[in-house]
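Data first, discussion second: the structure below is written as structure tokens.
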Amino acid sequence: MRPPRLAVRAVIVEDGRLLLVNAYPDGISDLWCAPGGGVEPGASLTDNLAREVQEETGCAIAVGSLCLINEFHDPDRGFHQVDLFFRARLTAPAPAGPWTDPAGVVTEQQFVPRGALAKLRVNPDRLPAVAFGADAPVRLQGLERMAPP
């Protein structure tokens with residue numbers, strides 16, 4: 001089995017809306033998550049997160065405090081990932097119009113109003129509560145089995 005993959009994700013709330021991305025090509029999944037991705041060696045967690053958010057959404061951010069640790073695995077593929085979620089804020093307005101992820105990973109992005117989150121499948125399921133909750137001690141969500149697309 002491979003070692004766990006480390007990833008960073010940004011919890012960005014702007015005007016009562018949470019920024020989410022869909023990273024499945026051709027709409028094969030309805031699963032939405034916070035923008036971010038794998039950590040590259042030699043760069044800090046915050047630098048990795050700023051780079052990933054820029055690539056996936058075109059947004060420039062300032063990274064804040066750690067707010068959630070989540071891990072999930074897919075035993076059928078031998079995949080295990082640990083996500084570190086940080087609060088972040090935009091440092092400039094989000095790009096107008098559609099954005100294309102240069103890596104081709106993110107296929108859609110949207111700012112979702114709090115009330116509309118219940119209609120979406122979001123990973124981890126605790127993300128909306130963390131995004132719109134008061135700052136609290138960092139929470140570790142237990143190991144989740146990865147849902148198929």
Side-chain angles (χ1 to χ4, degrees), residues 2-74 76-133 139 141 143-149:
R2 298 176 297 206
R5 177 180 189 252
L6 182 61
V8 286
R9 301 214 170 267
V11 178
I12 302 168
V13 176
E14 181 83 7
D15 297 326
R17 302 171 302 147
L18 176 62
L19 180 58
L20 295 175
V21 297
N22 183 300
Y24 287 91
D26 302 321
I28 63 170
S29 177
D30 62 347
L31 186 63
W32 293 84
C33 62
V39 170
E40 293 180 358
S44 70
L45 295 174
T46 56
D47 287 348
N48 272 287
L49 184 54
R51 174 188 47 76
E52 283 288 342
V53 171
Q54 169 63 42
E55 289 173 2
E56 292 184 356
T57 68
C59 295
I61 62 167
V63 180
S65 61
L66 183 67
C67 59
L68 177 66
I69 302 169
N70 185 66
E71 61 179 323
F72 60 90
H73 75 118
D74 180 347
D76 297 333
R77 292 186 330 174
F79 183 77
H80 183 164
Q81 181 162 303
V82 177
D83 285 325
L84 303 175
F85 288 78
F86 291 85
R87 294 194 185 282
R89 64 176 176 75
L90 298 180
T91 57
W99 178 261
T100 301
D101 176 0
V105 175
V106 168
T107 56
E108 294 180 74
Q109 66 173 5
Q110 63 177 312
F111 278 94
V112 180
R114 184 177 189 173
L117 287 167
K119 298 175 185 166
L120 296 177
R121 194 164 68 106
V122 177
N123 183 45
D125 57 3
R126 189 170 175 74
L127 181 58
V130 170
F132 293 102
R139 298 168 190 199
Q141 181 159 321
L143 184 65
E144 292 181 297
R145 183 176 174 126
M146 192 171 179

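These numbers were taken from a predicted model, which means no experiment stands behind them.
Inter-residue side-chain proximity for C33 and V21 is flagged as met; some heavy-atom pair is nearer than 4.5 Å. For the pair L68/P124, a side-chain contact is recorded, criterion being any heavy-atom separation below 4.5 Å from C-beta on. I12 is not listed as a side-chain neighbour of C59, based on a closest heavy-atom distance of 4.5 Å or more. The side-chain heavy atoms of F85 and N70, taken from C-beta on, include a pair separated by under 4.5 Å. Put simply, the side chain of I69 does not reach to within 4.5 Å of the side chain of D83, judged on heavy atoms.
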Quiz item: Hey, mind stepping through E14 and R89 against salt bridge (charged side-chain N to carboxylate O under 4.0 Å, His left out) and telling me if it holds?
Solution: CA-CA 8 Å; E14 181 83 7; R89 64 176 176 75; over 6 Å; no
Exercise. Start with the C-alpha gap between L45 and F86, add the side-chain angles, then the distance that decides, and say whether side chain to side chain contact (heavy atoms under 4.5 Å, CB included) holds.
Key: CA-CA 10 Å; L45 295 174; F86 291 85; 4.3 Å; yes
Self-check item: Evaluation steps, side chain to side chain contact (heavy atoms under 4.5 Å, CB included), between R87 and V130
Solution: CA-CA 9 Å; R87 294 194 185 282; V130 170; 4.1 Å; yes
Quiz item: For E71 and H80, what are the C-alpha separation, side-chain angles and deciding distance, and is it a side chain to side chain donor-acceptor pair (under 3.5 Å)?
Solution: CA-CA 7 Å; E71 61 179 323; H80 183 164; 2.8 Å; yes
Practice problem: For L20 and L120, run side chain to side chain contact (heavy atoms under 4.5 Å, CB included): C-alpha distance rounded to whole Å, both residues' side-chain angles, the deciding distance at 0.1 Å, then the answer. | Solution: CA-CA 10 Å; L20 295 175; L120 296 177; 4.2 Å; yes
Practice problem: Check the pair F72, V82 against side chain to side chain contact (heavy atoms under 4.5 Å, CB included), reporting the backbone distance first and the verdict last. | Solution: CA-CA 7 Å; F72 60 90; V82 177; over 6 Å; no
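The minimum heavy-atom distance between T91 and A62, with the atom names listed, is CG2-N, 3.5 Å. Scanning both residues, P35 and T57, for their nearest heavy atoms gives CB-CG2, 4.0 Å. When every heavy atom of A34 is checked against every heavy atom of A10, the shortest pair comes out as CB-O, 3.2 Å. Pairing each heavy atom of A131 with each of L18, the nearest pair is CB-CD1, 3.8 Å. In terms of heavy atoms, A43 sits closest to D47 at CB-CB, 4.5 Å.
With hydrogens and angles ignored, the 3.5 Å screen pairs a side-chain donor or acceptor of N48 with a backbone N or O of S44. A donor-acceptor pair under 3.5 Å links the side-chain atoms of N22 to the main chain of L31, judged by distance alone. Checking side-chain atoms of D101 against main-chain N and O of V106 turns up a donor-acceptor pair under 3.5 Å. Although no hydrogens or angles enter the test, the distance criterion places no donor-acceptor pair under 3.5 Å between the side chain of T46 and the main chain of V63. Side-chain atoms of W32 never come within 3.5 Å of backbone atoms of V112 as a donor-acceptor pair (strictly under, hydrogens ignored).
Considering CH2 of W99 and CD of E55, their distance stands at 9.5 Å, rounded to 0.5 Å. Between the CG atom in L19 and the CD atom in Q109 there is a gap of 6.0 Å [rounded to 0.5 Å]. Rounding to the nearest 0.5 Å gives a distance of 10.5 Å between CG of D30 and CD of E108.
The pair E52-R9 fails the salt-bridge criterion, with no side-chain N (NZ, NE, NH1 or NH2) lying under 4.0 Å from an Asp/Glu carboxylate O.
For the side chain to side chain contact (heavy atoms under 4.5 Å, CB included) test, residues two or more places apart in sequence or in another chain that qualify with A50 are I61.
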